[in-house]
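Please read all numbers here as calculations on a predicted model, not as lab measurements. Lettering follows sequence order; numbering is per chain, from 1.
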Amino acid sequence: MSIGLARLREEPDRIRQGAIDKGEDPAIVDAALALEGKRRQLLGESDTLKAERNAASKKIGEAIRTGAAPNGPEVAALRRASTEAGNLIEKIDAALATAEVELEELMLRIPNPADADVPVGDESANQVVRTWGEILAREVVTDGARWSRRPHWEIAADLKMFDLERGAKITGSGFPVYTGQGSRLQRALIDFMLDIHTAEHGMTEIWPPAMVNAASARGTGQIPDKEDLMYIATRDELYLVPTAEVPVTNLHRDEIFEASQLPVRYAAYSPCFRREAGAAGKDTRGILRVHQFDKVEMVFFEKPEASTEALEWLTGRAEVILQRLGLAYRVLLMATKDMGFVQAKKYDLEVWAPGVERWLEVSSCSNFRDYQARRMAIRYRPEPGAKPELVHTLNGSGLALARTVAAIMETYQQSDGSLVVPEALRSYMRTDRVVA
RNA sequence: GGAGAGGUCGCCUAGUGGCCUAGGGCGCCGCACUGGAAAUGCGGUAUAGCGCAAGCUAUCGAGGGUUCAAAUCCCUCCCUCUCCGCCA
């Protein structure tokens, strides 16, 4: 259940249109509406019968207490009435349970309607909101000499910064081994990003488990929808996290915040594991698409009225990282059919990698509004003593490492084959240059 | 992994089949008393669903079972604590 039955009843048209805009079948909305009516009817019948049964049982207790024989005719009659109600309840509850399961399945297939300012359409409707930095050309002239920027895997091989072949040997393809200064660069980036998000952006640092249980995987919607994308330890029913979003958002599952606690803003490092099923053959060179990578993720819990602005701020905090690293990037506002099922609004950050001459997605910043919060029952009390309401959740990478590393290598490579360390990372790397 | 003890309302705790519609304490909120406060007194204080409402229903770690009736009895599982074993 993600959209909320009350909202389904109140504004079916908006939800129907939202489904159409995202390329989903709007007929599901009507089917859900019909089932919801049936559910309420059955629930009413069941509740009435339960009230009758409870009253009858109570009478039996009273009768025995006031001296009636427990096996006498008076008690037997009452018992019969209660049993009859009980049998009927059993039948109605079975029908109700079926209706609820079906309804829940339908509700899970209704997407979160996109915000009004999101462009309607597929990939081609995505909007470039802004671009930052100099988009470097592959061909360069330095001191009169022509040379071409190389892709990151060639640089890494020369400077011994990662080793894909040995990664494939010890684990499998798509599991890079970072070595020497490459390994240090990983540490440096994680440290650097967390330092900025905590010290400058005021977020609370989280170091979450890399595996979660089924309830958590269900909470953020990894199962059942995206089960193919995850590595699963079946023996223990644990799931390797595809992003820190999963454990960190689940931190507050089934919890109620006080209004004074919000916003709650986390920055979390975690390794990320993705099977990338069906993606074989795409982006196979280098570290652009791997099964294990590292990422610092930002996760926000906000009051509903603050979430629109929070998404802009969140996106800006991811941009700060790219700016400090001196990497050229652009911000895309994703169109309805390209943004995902659960997002209400989403920005993608793409960094320019001049060696492969491509924009690489390094961050995806989304506002889920109350969709995710409903699924996980994450609420807050607007006023002390008031009825709890759903919070709004947001998250965004800040940033994903592998592609950022590729962009750094390709942006900062020199004609002599060495790598200049971005200024922001020098204190972390304890050097300003990586040489062979 | 083995043995034991537990899991009840925000927290602590009572509760061993029907008077539990879950009692008490702490905390919190309101009111009274006060010049103001403390202390004291009175009242309130979970979540969800359904209903115009009065109210009804569900939830005592989770799920199943026994019963007219389950916090209470039975089964399975999860978690916490103590001790032992193993271990970075």
Under 4.0 Å between a side-chain N or O of [X] and OP1 or OP2 of [N]?
X	N	answer
Arg379(A)	A48(B)	yes
Arg39(A)	C50(B)	yes
Arg9(A)	C50(B)	yes
Arg381(A)	G10(B)	no
Asn54(A)	A58(B)	yes
Lys387(A)	A48(B)	yes

What's the [atom1]-[atom2] distance between [X] and [N], to the nearest Å?
X	N	atom1	atom2	result
Arg53(A)	A69(B)	CZ	C1'	8 Å
Glu255(A)	A46(B)	CD	P	19 Å
Ile92(A)	G49(B)	CD1	P	21 Å

task = Name the residue closer to the 5' end of RNA chain B, choosing between Ile64(A) and Thr83(A) according to the nucleotide with the nearest heavy atom.
result = Ile64(A)
remark   = Walking RNA chain B from its 5' end, the first of Ala386(A) and Ser57(A) to be reached, judged by nearest nucleotide, is Ser57(A)
key: No-hydrogen, no-angle side-chain donor-acceptor test under 3.5 Å, Asp195(A) and Tyr428(A)   = yes
ask   = Going by heavy atoms in the side chains, are Cys272(A) and Pro242(A) under 4.5 Å from each other?
value = no
ask   = Judged by atom type as modelled, is there a donor-acceptor pair below 3.5 Å linking the side chain of Arg53(A) to the main-chain atoms of Thr83(A)?
value = no
inquiry  = Quick one: does any side-chain atom of Glu102(A) pair with a main-chain N or O of Ala99(A) as donor and acceptor, under 3.5 Å?
reply    = no
query = Are the aromatic ring centres of Phe301(A) and His252(A) under 6.0 angstrom apart?
reply = yes
inquiry  = Rounding to an integer number of angstrom, what distance separates U66(B) and A88(B) when you compare their C1' atoms?
reply    = 48 Å
task = Could you work out the separation of C79(B) and A22(B) based on their C1' atoms and round it to a whole Å?
result = 23 Å
query = For the base of G49(B), is there a side-chain donor-acceptor partner from Asp47(A) under 3.5 Å away?
reply = yes
message = Regarding Ala51(A), tell me which of base, sugar-phosphate or nothing describes its non-hydrogen contacts under 4.0 Å with the strands shown.
response = sugar-phosphate
query = Contact class for Leu78(A) vs. all strands (heavy atom < 4.0 Å): base, sugar-phosphate, or nothing?
reply = nothing
Could you tell me the Watson-Crick or G-U partner of [N], where both distances fall under 3.5 Å? Say none if there is no partner.
N	value
C68(B)	G18(B)
A37(B)	none
U80(B)	A5(B)
G85(B)	none
C56(B)	G49(B)
G30(B)	C42(B)
G23(B)	U13(B)

ask   = Among G49(B), A69(B), U47(B), which is the nearest nucleotide to the side chain of Pro388(A)?
value = U47(B)
ask   = Salt bridge or not for Glu165(A) and Lys169(A), using N-O below 4.0 Å?
value = no
